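The structure appears below as structure tokens.
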Amino acid sequence: MTHVPAYPTSEEIERLREKARFVRLETIRLIEIAKVGHYSSVFSCAEIFAALYYDVMRLRQGEPAWAGRDRFLMGKGHAAVGLFPILADLGFIGRELLDGYTRLGSPLGDHPDMSKVPGVDFSSGSIGHALSNGVGMAMGGRLDKLDYHTFVMLGDGEMQEGQVWEAALFAAHNRLNRLVAIVDRNGYQLDGKVDDVMGIESLGEKWRAFGWDVHEVDGHDLRELTALLRRLRADASRQRPACVIARTLKGKGVSFMETEPGWHLGYLAPADAEAAIAEIMSREI
């Protein structure tokens, strides 16, 4: 295993916390432009975004076309509004593009388009396809003798899709050890509670049965989350793909969203937006 510090320092955790806060604040700002958007779906994975893009993934500032960079795919493409500010922050796209989010002619839509946005590795939106594409990228990296890692973030409602499990079988059979799937286990999908729509537990046992190494973590605990992802990326001895089940809270960071699943898609009135921003700025997650 390549040596990496086991846990991020307090300074690193604070930096990641600020980046997660940045994702939430920018999500509110961009949805104000669009007048509708997926606040709570971004807020559940803000810490995952921060840990991956600002600590774990191998990237070069301003070089989205670098062949050696790690890949990232989202099954839950409706969280793209939280990813675009990160791509701008990394110099993959111009910051000015954010101000035209979803406007006519803008490359930035409600879901990511890999043909229009540098740094987007998969055009997601139709749920269930991301892991299959991630498996292909991981296999392609092996064939091309490139050592990048492929990270795929999936919604927990996405676990109801058969294609996910076909891809899981293929990945395990081919021992794609540079592939990491991260399930944002926030408990909700568009139609309500995931386990009311179609139960998916015991989720960890399912992934293990399909031949994956499985880890469970609090998806908002930046110390534990970052340490786990660091270990997975650094462990060259790992022989199987890894699945991280990140237990999260939909709408995390804004109390009235945490208790109301209707914020999967919505729009904040000015007074509510002010209250949400104030809480994000003052609250330590």
Side-chain angles (χ1 to χ4, degrees), residues 2 4-5 8-9 11-31 33-34 37 42 45-103 105-125 130 133-134 136-138 140-141 144-153 178-180 182 222 225-226 229-230 232-234:
T2 303
V4 293
T9 64
E11 291 80 10
E12 289 172 329
I13 291 173
E14 183 55 35
R15 178 174 179 268
L16 294 177
R17 186 175 290 124
E18 284 299 319
K19 292 302 183 180
R21 182 177 290 119
F22 159 74
V23 167
R24 291 185 171 93
L25 293 174
E26 281 291 277
T27 294
I28 292 175
R29 185 178 77 86
L30 297 190
I31 292 177
I33 297 169
V42 174
C45 62
E47 280 72 35
I48 298 172
F49 277 148
L52 284 174
Y53 274 92
Y54 294 103
D55 188 282
V56 175
M57 289 172 61
R58 185 174 66 188
L59 306 164
R60 287 178 180 171
Q61 182 78 20
E63 294 188 36
W66 176 40
R69 74 167 173 82
D70 287 345
R71 275 47 168 180
F72 176 74
L73 301 85
M74 281 194 300
K76 47 177 289 180
H78 49 283
V81 65
L83 176 63
F84 294 147
I86 294 174
L87 298 182
D89 196 33
L90 293 173
F92 286 9
I93 62 174
R95 293 178 186 271
E96 70 282 356
L97 288 179
L98 298 177
D99 297 333
Y101 172 67
T102 70
R103 301 301 84 191
S106 172
L108 308 181
D110 191 48
H111 290 74
D113 187 333
M114 64 184 293
S115 70
K116 297 178 180 178
V117 186
V120 168
D121 291 314
F122 176 59
S123 302
S124 51
N133 282 269
M137 290 181 190
D144 290 338
K145 294 182 170 50
L146 296 172
D147 64 350
Y148 63 76
H149 280 60
T150 303
F151 296 88
V152 184
M153 185 172 69
R178 291 196 175 105
L179 175 65
V180 179
I182 304 169
L222 280 166
L225 173 66
T226 305
L229 292 173
R230 281 181 177 183
L232 292 177
R233 201 200 179 287

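In this text, all values refer to a predicted model and were calculated from it rather than measured experimentally.
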Discussion item. Leu30 vs Leu108, test: side chain to side chain contact (heavy atoms under 4.5 Å, CB included). Steps then yes/no.
Written reply: CA-CA 10 Å; Leu30 297 190; Leu108 308 181; 6.0 Å; no
Discussion item. Side chain to side chain contact (heavy atoms under 4.5 Å, CB included), that's the test. Do Leu52 and Met153 meet it? Break it down for me.
Written reply: CA-CA 11 Å; Leu52 284 174; Met153 185 172 69; 5.8 Å; no
Worksheet item: What do the steps show when you test Lys76 against Cys45 for side chain to side chain contact (heavy atoms under 4.5 Å, CB included), and what is the final call?
Response: CA-CA 10 Å; Lys76 47 177 289 180; Cys45 62; 4.0 Å; yes
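Nearest heavy atom pair, residue Pro8 against residue Arg230, reads N-NH1, 3.4 Å. Of all the heavy atoms in Val56 and Asp70, the pair that sits closest is O-OD2, 4.3 Å. Contact detail for Val23 and Ala46: the closest heavy-atom pair is CG1-CB, 4.2 Å. The shortest heavy-atom contact between Ala138 and Leu179 is CB-CB, 4.2 Å. Residues Ser123 and Ser115 approach most closely at OG-N, 4.3 Å, considering heavy atoms. What you find for Val120 and Asp113 is that their closest heavy atoms are CG1-C, 4.1 Å.
Between Asp121 atom CG and Met114 atom CE the span is 6.5 Å, to the nearest 0.5 Å. Between the CH2 atom of Trp66 and the CG atom of Leu59 there is a distance of 7.5 Å, given to the nearest 0.5 Å. Between the CD atom in Glu14 and the CZ atom in Arg21 there is a gap of 6.5 Å [rounded to 0.5 Å]. With values rounded to the nearest 0.5 angstrom, Glu26 atom CD is found 11.5 Å from Ile31 atom CD1. Here the CZ atom belonging to Phe151 is positioned 12.0 Å from the CD1 atom belonging to Ile48, to the nearest 0.5 angstrom.
Using a cutoff of 4.0 Å between basic side-chain nitrogens and carboxylate oxygens, Arg15 and Glu12 are not scored as salt-bridged.
Within the 4.5 Å cutoff, no side-chain heavy atoms of Leu16 are placed close to those of Glu47. Considering only heavy atoms from C-beta on, His149 stays 4.5 Å or farther from Arg71 through its side chain. Here the side chains of Leu90 and Glu63 are not in contact, with every heavy-atom distance at 4.5 Å or above. By the 4.5 Å heavy-atom criterion applied to side chains, Tyr54 and Ile86 are counted as neighbours. You'll find the side chain of Arg17 reaches within 4.5 Å of the side chain of Leu222, heavy atoms only. Side-chain atoms of Tyr148 and Arg178, non-hydrogen and from C-beta on, never get closer than 4.5 Å to each other.
Under the ring-ring contact (aromatic ring centres under 6.0 Å, His included) criterion, Tyr53 pairs with Phe72, sequence neighbours left out.
Each of Leu232, Val152, Leu229 was checked for a side-chain contact (heavy atoms from CB on, under 4.5 Å) with Ile182, and the lone residue meeting it is Leu229. Looking at Phe49, Tyr101, Phe22 one by one, the single match for side-chain contact (heavy atoms from CB on, under 4.5 Å) with Pro85 turns out to be Phe22.
Distance alone, capped at 3.5 Å, is enough to place a donor-acceptor pair between the Gln61 side chain and the Asp89 backbone. Proximity of a side-chain donor or acceptor of Arg69 to a complementary backbone N or O of Pro64 within less than 3.5 Å is detected.
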